[in-house]
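Read the structure below first, then the notes.
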Amino acid sequence: MIAVLVAGLLAGYGIAIPVGAVGTYLVGLTARTSLRTGVCAALGVATADGLYAVAAVVGGSSLTHVLTSVMPPLRWASALVLIALAVRGGTVAIVRYRGRRTAARIGTDPVSPARSYLMLLGMTLMNPATVIYFAALVLGSRTTADAGLLERVVFVLAAFVASASWQLLLAGGGALLGRAVTSSRGQLVTALVSSVLITALAVQLL
């Protein structure tokens with residue numbers, strides 16, 4: 001059981017720690033809004049990772065083959081969504097800066113915690129490479145390949161906890177950034193940098 005728990009934790013951290021477009025967006029979103037919104041968004045990412053871990057444990061190799069065949073259109077869709085978010089984030093930042101809304105607190109962004117959860121859940125679910133990653137681990141590891149139901153549940157929960165802890169750490173970093181960058185110019189710069197990074201990461205998907 002301990003071996004399965006450790007395998008799940010390592011799997012969760014392995015997929016979560018590389019900070020890609022979703023992680024960058026999470027940090028920027030929390031910086032522009034509030035820690036509460038960032039926490040909900042982080043849990044959305046972790047939920048998607050957990051669901052893909054379930055799919056990998058249940059579906060195995062057959063699900064991997066199916067998703068591999070539809071990877072190109074999903075990759076394009078992911079890139080387009082990320083680019084749209086980057087454009088929107090940069091545009092909103094420029095409009096706010098030109099409007100000199102310096103009195104508005106960073107947390108006044110209209111994105112609600114519930115919406116941020118669903119938005120990041122959807123963004124992460126659009127990455128089928130996650131389930132392929134988990135499926136490869138499940139099928140290639142002796143620890144999980146022959147595990148029973150309880151061990152598989154432990155693996156999934158451990159992967160979810162690992163992913164959630166890392167995403168919450170990113171959200172916390174975004175909250176600290178949001179408190180540090182209080183000027184209208186600072187908000188503009190951080191939003192534009194975030195948009196550029198997300199666009200670059202999205203282009204790499206193509």
Side-chain angles (χ1 to χ4, degrees), residues 12 15-16 19-55 74-99 101-131 159-182 184 186-202 205:
I15 194 65
V19 178
V22 174
T24 302
Y25 184 79
L26 171 61
V27 173
L29 175 66
T30 310
R32 295 192 303 273
T33 57
S34 66
L35 180 59
R36 181 185 177 189
T37 299
V39 166
C40 290
L43 292 178
V45 177
T47 300
D49 287 343
L51 290 174
Y52 270 147
V54 171
L74 284 177
R75 189 179 292 114
W76 273 95
S78 298
L80 291 175
V81 169
L82 291 171
I83 290 173
L85 288 171
V87 171
R88 179 185 180 278
T91 302
V92 169
I94 292 173
V95 170
R96 284 183 176 176
Y97 181 73
R98 288 181 175 178
R101 300 178 183 177
T102 56
R105 185 178 177 275
I106 294 178
T108 57
D109 194 281
V111 180
S112 67
R115 182 183 172 191
S116 69
Y117 173 85
L118 295 174
M119 187 164 56
L120 270 294
L121 172 64
M123 287 173 61
T124 311
L125 285 176
M126 292 181 68
N127 182 18
T130 305
V131 73
F160 170 80
V161 170
S163 176
S165 64
W166 180 257
Q167 305 305 334
L168 289 172
L169 180 63
L170 292 181
L176 292 175
L177 177 64
R179 292 189 180 96
V181 184
T182 56
S184 59
Q187 294 180 46
L188 174 64
V189 170
T190 54
L192 292 179
V193 169
S194 175
S195 295
V196 170
L197 288 174
I198 292 172
T199 301
L201 291 166
L205 295 176

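Values in this document were obtained by computation on a predicted structure and should not be read as measured data.
- Residue L121 holds its CG atom at 10.0 Å from CG of D49, rounded to the nearest 0.5 Å.
- You'll find the side chain of T33 stays beyond 4.5 Å of the side chain of S116, heavy atoms only.
- Between A53 and A159, the shortest heavy-atom distance links the atoms CB-CB, 4.4 Å.
- The CZ atom of F160 sits 5.0 Å away from atom OG1 of T47, with the distance rounded to the nearest 0.5 Å.
- Across L29 and A41, no two heavy atoms sit closer than the pair CD2-CB, 3.9 Å.
- Atom CE of M119 is separated from atom OG of S112 by 8.5 Å, given to the nearest 0.5 angstrom.
- When all heavy atoms of L35 and A175 are compared, the pair lying nearest together is CD1-CB, 3.8 Å.
- Between V45 and W166 the shortest side-chain heavy-atom distance does not fall below 4.5 Å.
- With contacts defined as side-chain heavy-atom distances shorter than 4.5 Å, the pair Y25/L120 qualifies.
- For the 3.5 Å distance criterion, the side chains of Y52 and T124 fail to qualify, holding no donor opposite an acceptor.
- In plain terms, the two heavy atoms of G38 and L26 that are nearest each other are O-CD1, 3.5 Å.
- Once rounded to the nearest 0.5 Å, the distance linking CD of Q167 with CG of L169 reads 9.5 Å.
- Contact check for L168 versus V39: side-chain heavy atoms found under the 4.5 Å cut-off.
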